[in-house]
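First up is the structure itself, then whatever we jot down about it.
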Amino acid sequence: MRERFNSVAVAIPAQQFSIRCHVSIDRQVPVMTDFAVRLLHLSGPLELTALREYFGLTSSESRELLNLLREEGLVGEANGRISLTSYAEARFTAIGDGMPRFTRITERQSRPIFELLTYTPLPRSVSNSFWDNTLDLNWDMDTQASGQTIEKAEAAFHKHFADIERLEYDEPKRRAYSCYKVDDIRARRPFNVPLPVHFEVDVDGNVDFEFDAALELLPESLRSQIRVLTADRIGSLKVRSIYLRMFVEHYQDDLLSRFLMASQIDDKPTVINVAGRLTIKKDPVIDFRRYVREVHGSANGEVYDNGQSQALLGGLYMPKPQERVLNGLNHALSRNKKAKERTDLVSPPVVFWVIPDSDLWGRTALVRETLDNLRVVLKEGLGKLPDIVCVAPCTQDEHRDHLAKRARLLLAGGFSKVVFATYRTSQESFETLLVPGVYGAAMYHWTVPTADRYNVPLGFCSSSTIKLQKMAVFVRQVLTSALYSVGRSSGETMQDRWFKDASVTDYIFLDAYTKA
């Protein structure tokens with residue numbers, strides 16, 4: 001068993017260029033002209049009689065062929081023998097495949113996309129994918145040369161012209177084989193091309209990451225840079241204190257509690273003396289290997305709480321957890337509709353998604369897919385669409401421009417509104433997706449002791465009344481420290497978005513969901 005628990009798109013800086021140019025393309029010539037040139041190229045000078053007999057031509061037909069070859073500037077005659085001109089010979093040497101190539105010059109528009117590190121053209125399968133909320137890497141780009149993108153792009157266009165033609169035209173017949181000249185080149189807006197990185201855990205609890213197959217479509221020099229910079233970026237992530245035991249106790253989760261280790265004071269790292277040197281030793285808190293083997297290996301996501309809860313491993317937007325959450329929500333909505341009990345809670349006005357304080361959360365287009373699928377289930381089960389509010393962490397002194405950028409990315413990902421709140425230290429690794437009174441999922445982003453920059457989300461989805469109350473309590477606690485609210489009006493542009501101070505009273509209705 002290998003379980004993919006997160007996918008993160010790293011950013012490759014790229015830019016599209018609009019290039020107007022003149023190119024050399026093949027042109028059709030009569031079959032006899034083509035074969036005559038090939039024959040003379042292979043045999044060398046021939047007498048006209050030999051040429052006529054080879055093709056079985058009459059005297060008048062051979063004269064017509066000879067005239068045509070002369071008009072094209074392909075043959076000359078000396079001492080009664082016909083031979084190719086230097087121009088005709090160049091039709092072979094220019095391509096080097098033993099076939100003559102006759103060309104014409106035509107105007108063409110080309111729109112290649114270059115990555116801005118080595119200026120290599122990117123294939124459509126890589127450049128057509130788009131997700132703006134990517135993990136930035138520390139590219140060592142020459143800032144002094146940033147104004148030279150036009151010159152670099154033009155040089156790269158000539159250098160990689162054959163590759164660009166193959167990327168833009170699937171049919172070989174449509175491709176030009178050389179650029180005669182560039183008439184005009186214009187740079188479009190720079191952007192980041194997302195390259196997915198997948199994080200996985202095996203049945204023994206070992207975690208690692210691997211790059212998407214799209215990496216192999218990039219030049220080797222760029223691939224090696226991406227590998228190094230991604231490892232450095234992950235290695236620089238903040239290591240957080242572990243509050244898994246608090247998570248388990250808050251939700252009174254019987255399944256996770258089975259795998260907790262003997263309690264240590266506050267589950268904080270301890271300092272030990274090894275050969276005269278002080279070393280920090282982290283307590284494991286949970287028997288992660290056994291948890292993965294028994295709950296997700298053997299049981300494939302154990303179901304418990306009398307069938308009301310199911311264990312989850314991985315980000316809520318990852319395919320398997322996403323499917324389990326959506327299926328569970330669909331069943332819960334159906335049960336509530338049939339029961340018609342507590343109708344005030346059947347149609348919650350807002351759905352909440354409290355996200356963790358993690359640089360690796362949501363850096364994938366799977367977030368948008370999850371929100372789209374969530375809306376389908378909610379619309380079918382409730383008959384209407386409640387707002388889906390993202391509650392995201394911020395600091396008291398975080399600049400509003402930075403918050404506006406983060407909000408833009410989350411709104412573009414599909415959220416109806418973003419509420420920024422200051423998290424307690426113990427809340428930073430908690431995640432909750434809550435349809436109040438109906439269904440929810442709670443995850444703890446556990447720091448793996450053997451790889452302390454990797455956070456493996458583990459938790460559950462549930463319709464248990466107790467767990468739903470506990471989720472509502474947690475969401476309410478986070479919202480008490482809300483600072484700002486960012487959303488959009490009826491439009492979809494940046495001007496339609498609004499940014500204001502958060503009002504805690506907007507979510508006072510949650511109190512009704514925290515009680516039995």
Side-chain angles (χ1 to χ4, degrees), residues 246-247 249-252 316 325 329 332-333 336-337 339-357 371 374-375 378-379 381-396 398 400 403-404 406-407 410-411 414-428 430-443 461-490 497-516:
M246 180 183 292
F247 175 87
E249 291 173 354
H250 174 79
Y251 287 108
Q252 301 174 17
L316 293 178
V325 170
L329 173 60
L333 288 169
N336 281 23
K337 186 182 293 185
K340 293 185 179 180
E341 296 175 352
R342 300 179 69 188
T343 55
D344 57 320
L345 300 184
V346 170
S347 299
V350 175
V351 173
F352 296 96
W353 195 336
V354 182
I355 66 176
D357 189 3
L371 290 170
L374 180 59
R375 285 188 169 91
L378 290 170
K379 175 68 174 177
L382 297 175
K384 61 180 182 179
L385 277 178
D387 284 344
I388 303 178
V389 175
C390 174
V391 183
C394 72
T395 59
Q396 289 278 358
E398 193 166 352
R400 183 170 286 207
L403 289 174
R406 290 175 55 200
L410 290 166
L411 291 171
F415 287 103
S416 310
K417 186 186 298 184
V418 179
V419 175
F420 287 108
T422 56
Y423 289 13
R424 302 174 190 169
T425 303
S426 59
Q427 297 171 336
E428 291 174 338
F430 282 44
E431 179 179 9
T432 299
L433 173 59
L434 176 63
V435 183
V438 179
Y439 201 75
M443 308 297 289
C461 51
S462 181
S463 60
S464 161
T465 300
I466 294 177
K467 281 185 164 58
L468 290 175
Q469 290 169 357
K470 296 291 185 180
M471 290 183 208
V473 168
F474 170 72
V475 175
R476 191 77 176 92
Q477 286 176 347
V478 174
L479 286 171
T480 58
S481 62
L483 298 179
Y484 306 107
S485 178
V486 188
R488 58 166 67 92
S489 60
S490 58
R497 299 189 180 113
W498 45 267
F499 198 119
K500 66 178 184 179
D501 291 340
S503 173
V504 177
T505 58
D506 289 346
Y507 305 106
I508 198 170
F509 68 87
L510 264 175
D511 290 345
Y513 295 93
T514 64
K515 303 168 185 175

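If you're wondering where the values come from, they're calculated on a predicted model, not measured in any experiment.
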Would you name the heavy atoms of [X] and [Y] that are closest together and state the gap between them?
{"X": "Leu479", "Y": "Val504", "answer": "O-CG2, 3.9 Å"}
{"X": "Val418", "Y": "Ala407", "answer": "CG2-O, 4.2 Å"}
{"X": "Lys467", "Y": "Ser462", "answer": "CD-OG, 3.5 Å"}

Exercise. When rounded to the nearest 0.5 angstrom, what is the spacing between OG in Ser464 and CE in Met471?
Worked result: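 Here the rounded value is 8.0 Å.
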
Exercise. Rounded to the nearest 0.5 Å, what separation is found between the CG atom of Leu483 and the CG atom of Leu403?
Worked result: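 If we round to the nearest 0.5 Å, Leu483:CG and Leu403:CG are 8.5 Å apart.
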
Acceptor/donor pairs from residues 385-396 side chains to any protein atom, 3.5 angstrom cut, sequence neighbours excluded:
unit_1	atom_1	unit_2	atom_2	d
Thr395	OG1	Asp397	OD1	3.0
Thr395	OG1	Glu398	N	3.3

For this session: Could you pull out all residues at least two apart from Ser416 that satisfy side chain to side chain donor-acceptor pair (under 3.5 Å)?
Result: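 Side chain to side chain donor-acceptor pair (under 3.5 Å) list for Ser416, sorted by chain: Arg375.
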
Exercise. With Thr505, which residues qualify under side chain to side chain donor-acceptor pair (under 3.5 Å), at least two apart?
Worked result: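 Testing Thr505 for side chain to side chain donor-acceptor pair (under 3.5 Å), a comparison that skips the adjacent residues, returns Ser503.
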
For this session: List for me each residue that meets side chain to side chain contact (heavy atoms under 4.5 Å, CB included) alongside Ala472, sequence neighbours excluded, and say none if there are none.
Result: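 With neighbours one apart ignored, the set is Leu434, Leu510, Tyr513, Thr514.
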
Problem set entry | Non-neighbouring partners of Leu316 that pass side chain to side chain contact (heavy atoms under 4.5 Å, CB included), sequence neighbours left out |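 Leu316 satisfies side chain to side chain contact (heavy atoms under 4.5 Å, CB included) with Leu312, Val325, Trp353, Glu431, Leu433, Ala441, Met443 only.
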
For this session: Under the ring pair (Phe, Tyr, Trp, His ring centres under 6.0 Å) rule, collect the residues that match up with Phe474, sequence neighbours excluded.
Result: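 Ring pair (Phe, Tyr, Trp, His ring centres under 6.0 Å) check on Phe474 returns Phe430.
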
Problem set entry | Listed partners of Phe352 passing ring pair (Phe, Tyr, Trp, His ring centres under 6.0 Å), at least two apart |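 Listed in chain order: Tyr507.
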
Exercise. Which salt bridge (charged side-chain N to carboxylate O under 4.0 Å, His left out) pairs, counting each pair once, include a residue from residues 498-509, with sequence neighbours left out?
Worked result: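 Only Arg400-Asp501 qualify under salt bridge (charged side-chain N to carboxylate O under 4.0 Å, His left out).
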
Exercise. Would a 4.5 Å heavy-atom cut-off, applied to side chains only, mark Val478 and Val419 as touching?
Worked result: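 Answer no - side chains too far apart.
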
Problem set entry | Of all pairs that satisfy side chain to side chain donor-acceptor pair (under 3.5 Å), the ones with a partner from residues 417-427, not counting sequence neighbours |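 Listed by first then second residue: nothing to list.
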
